[in-house]
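Notes for the one structure printed next.
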Amino acid sequence: MSKRTKISELLQSTDYGKEVTAKGWVRTFRNNQFIAINDGSGINNLQAVVSLDFPDEPLLRRLTTGASVSVTGELVESLGKGQKVEIKVKTLEILGDCDAEKFPLQPKKHSLEFLREKAHLRFRTTTFAAVFKIRHVLAFAIHKFFNDKGFVYMHTPIITASDAEGAGEMFKVTTLPFDATPRDEAGKVDFREDFFGKATNLTVSGQLEAELGAMAFGEVYTFGPTFRAENSNTARHAAEFWMIEPEVAFNDLGDNMQLAEDMLKYVIRYALDACPHEIEFLKTRLLEEEKQKPLDERSELDLHAKLQFCLEHEFQRLTYTEAIEILKNSNHNKKKKFKYIIESWGADLQSEHERYLVEKHFKKPVILTDYPKDIKAFYMRQNDDGKTVRAMDILFPGIGEIIGGSQREERLEQLEQRMKEMHIPAEELYWYLDTRRFGTVPHAGFGLGFERLIMFVTGMGNIRDVIPFPRTPKNAEF
RNA sequence: UCCCUGGUAGCUCAGCUGGUUAGAGCACAUGACUGUUAAUCAUGGGGUCGCUGGUUCGAGCCCAGCCCGGGGAGCCA
C-alpha cells in the first residue's frame, strides 16, 4: 500500500493517473458509489468513487457516516460538478466501523445545542472543524505577534494564594477532606493543614504577576487558562477560559490602546489569510441562519465584510465622559428606549448602552477610556482630576467587552491610598507593591478574552461553541 | 442569581378550546435505481410526550416543585 497523502494536498493535485492513498472518516456515502471522506487536513472532502461492479457488496454496506477508511486508487479529474479531482477506488479498507444506528452525527444539519451535548464528536462536523481550526490559528497568531515584537511569553501561576484582586469568585484548591476539615482555635477551617499551608485558589488573572515580569523584561505577555466561579449564565461567559495579558513597561494609556488595536488587527488579518475556506464556510452558514430571522434583525455586513471592515477602520476612541454625553443626548435616551435611562455621570454603562455606542452610533469597534475610579479596579492609574482612572475597555459589535485594560498606578503612595479605600489587604500583596518601591516605572497592560476574539472571527454566538469542552455552571462534561 | 421562553421518535419539528390507536421530514432497516453533491423512489421498524407530584371520568395539553436548554440582564474576558 502506498503512503497516505493528506486530502488537502490531493484536492490541489493535478497528478492525474497517479496511484494514491487517502485515509479519513466517511462523511456520507451517496448513490452506493460516492464516498465523501474528510481527514481533518481541510474542511473540504475528498470524493472516492466506487465502480458499479465493485465485487465486495458487504464491504460497501459498512461505509456508514463516521466510519474510518483507507482508500487507494487512481487520482482522476472528476466527471461531476462539485469537485475538481477524485479517486477511482481500487482497494478499500474499513479501518473502524461506525454503527449508523448509534452514531449521533448524520449527514444533515444539526443544531448547535445538540452538537454541544456531543462535544466529543462535534469536531467531525464542518462547522466545528472550521471553528477550532481558527481557534488554533488565532492562538498561533497571538504568539507570533508578540514574539515578533520582542515580548517574552510568561507563564504565571494557575494556583494562586492571593484572592486580593476582587476580579470575581474563585475556585478553591485544596486537599483537605470535606467531611472532616481541620479547625483552628477559633473554629475556622485551618488552612495551615492544607497542601500549601494556606488557602489557595485557581487564578482569575495573571496580571499582577505579569507586572513583575514587565519590570525586568520590559515587554511580557501571558496566555493561559483563567477561572471564574461566577454563576454567569450568558453566551459570553465561561468558568474556564483563556486570556492573553500583555504588560509593557514605559507604556502609557495611548500606547496601550495602540498595542491592543494593532494586535487585534494583526490576528484577524492572520486568520483571514490562513483560513479563507473556513471563514467562507462560516459566512455562508451565518447567512443561512439569518434567513430565518426577520429582515430588521439581520446583520448589515456578512462575516467576511465585518472582519474586513474592522481592519480598514480606526477604532473609535473616546472617554467615558464623552460617551455619557452622547448617550444622554441620543434620541434613544430621549425617547426612553433604554431600560436604564442615562441621567448622571458616574454610573456604570449597561450592556444596552455599550451596544448602542458600538452598533448604532459609531458602527465600529470603540475604545472607551478614563472611567470613574469607583467602578474600576484598585491598580488603575488615577488621573489628575481625582475622579477618573486611566482605564480602557474595547467594545466589539455583537461581543461587547473584548478587552479590558489600563495604565497601572505606578506611584506607591497613590496605590497604597487606593488599596486602603477599597479594602485591599496591602500586606498580602507586598510583592506587588515592591515593584513600586524598587525602580517603579509607568506601565500599562490589558486582558484579552481569547474566546471572545474567536467568537468575533468565527461569528459564533455562544462561547460554549468556541471552546472544545466548555465549563459553565452545572456543566463539566467530558 | 433574576426576567422571558422552551423540553414530543436518533435529529429537526407539528400536535386545536383537555377526548379514542401521538404525526411529518430526515436518519435507520429492506428492496429498486444509478455521475451523485444533505442523491432519489417504495416499504418497514422506532415514543417513559424532561422528572416528580397534583387537578380531572380522562392530561402531550391545566396546576405546583425540580432538572436541563435557548434569549435577555447582572458579574466580566
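Just so we're on the same page: letters track the sequence lines, and every chain starts at 1.
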Close N or O pairs between protein and nucleotides 32-34 of chain B (under 3.5 Å):
residue: B/U34; atom: O2; partner: A/N31; partner atom: O; Å: 3.4
residue: B/U34; atom: O2; partner: A/N31; partner atom: OD1; Å: 2.2
residue: B/U34; atom: O2; partner: A/N31; partner atom: ND2; Å: 3.2
residue: B/U34; atom: N3; partner: A/N31; partner atom: O; Å: 3.2

Legend entry - Where at least one partner belongs to residues 24-46 of chain A, residue pairs that pass ring-ring contact (aromatic ring centres under 6.0 Å, His included), sequence neighbours excluded: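 Found none.
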Legend entry - Proximal nucleotide (of B/A73, B/C11, B/U36) relative to the A/R236 side chain: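 Ranking B/A73, B/C11, B/U36 by closest atom to the A/R236 side chain puts B/A73 first.
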Inset, instruction - Could you work out which one of B/C75, B/C76, B/A39 sits closest to the side chain of A/R228? - result: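 Minimum distance to the A/R228 side chain belongs to B/C76.
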Roughly how many Å is it from [atom1] in [X] to [atom2] in [N], rounded to a whole number?
| X | N | atom1 | atom2 | value |
| --- | --- | --- | --- | --- |
| A/L453 | B/A77 | CG | P | 15 Å |
| A/L112 | B/U12 | CG | P | 11 Å |
| A/Y356 | B/A73 | OH | C1' | 21 Å |

What are the atom names and distances for every N/O pair under 3.5 Å that joins the protein to nucleotides 2-9 of chain B?
none

Legend entry - Phosphate OP1/OP2 of B/A38 contacted by A/Q106 side-chain N/O (<4.0 Å):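 No, outside the criterion.
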Legend entry - P spacing across the pair B/G72 / B/U52, given as an integer number of angstrom: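 One P to the other, the span is 32 Å.
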Inset, instruction - Salt-bridge test for A/D56 and A/R62: reply yes if a basic N is under 4.0 Å from a carboxylate O, no otherwise. - result: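 Result for this pair is no, no salt bridge flagged.
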Using a cutoff of under 3.5 Å, can you pull out all pairs of nitrogen or oxygen atoms linking the protein to nucleotides 40-48 of chain B, with atom names and distances?
none

Residues 471-478 of chain A, side-chain donor-acceptor partners within the protein, below 3.5 Å, at least two apart:
residue: A/R471; atom: NH1; partner: A/F469; partner atom: O; Å: 3.4
residue: A/R471; atom: NH1; partner: A/E477; partner atom: O; Å: 2.9
residue: A/R471; atom: NH2; partner: A/F478; partner atom: O; Å: 2.5
residue: A/N475; atom: OD1; partner: A/E477; partner atom: N; Å: 3.2

Inset, instruction - Would you sketch RNA chain B in dot-bracket for me? Only Watson-Crick or G-U wobble pairs with both distances under 3.5 Å count, crossing pairs as [ ], other-strand pairs as |, the rest as dots. - result: (((((((..((((.....[...)))).(((((.......))))).....(((((..]....))))))))))))....
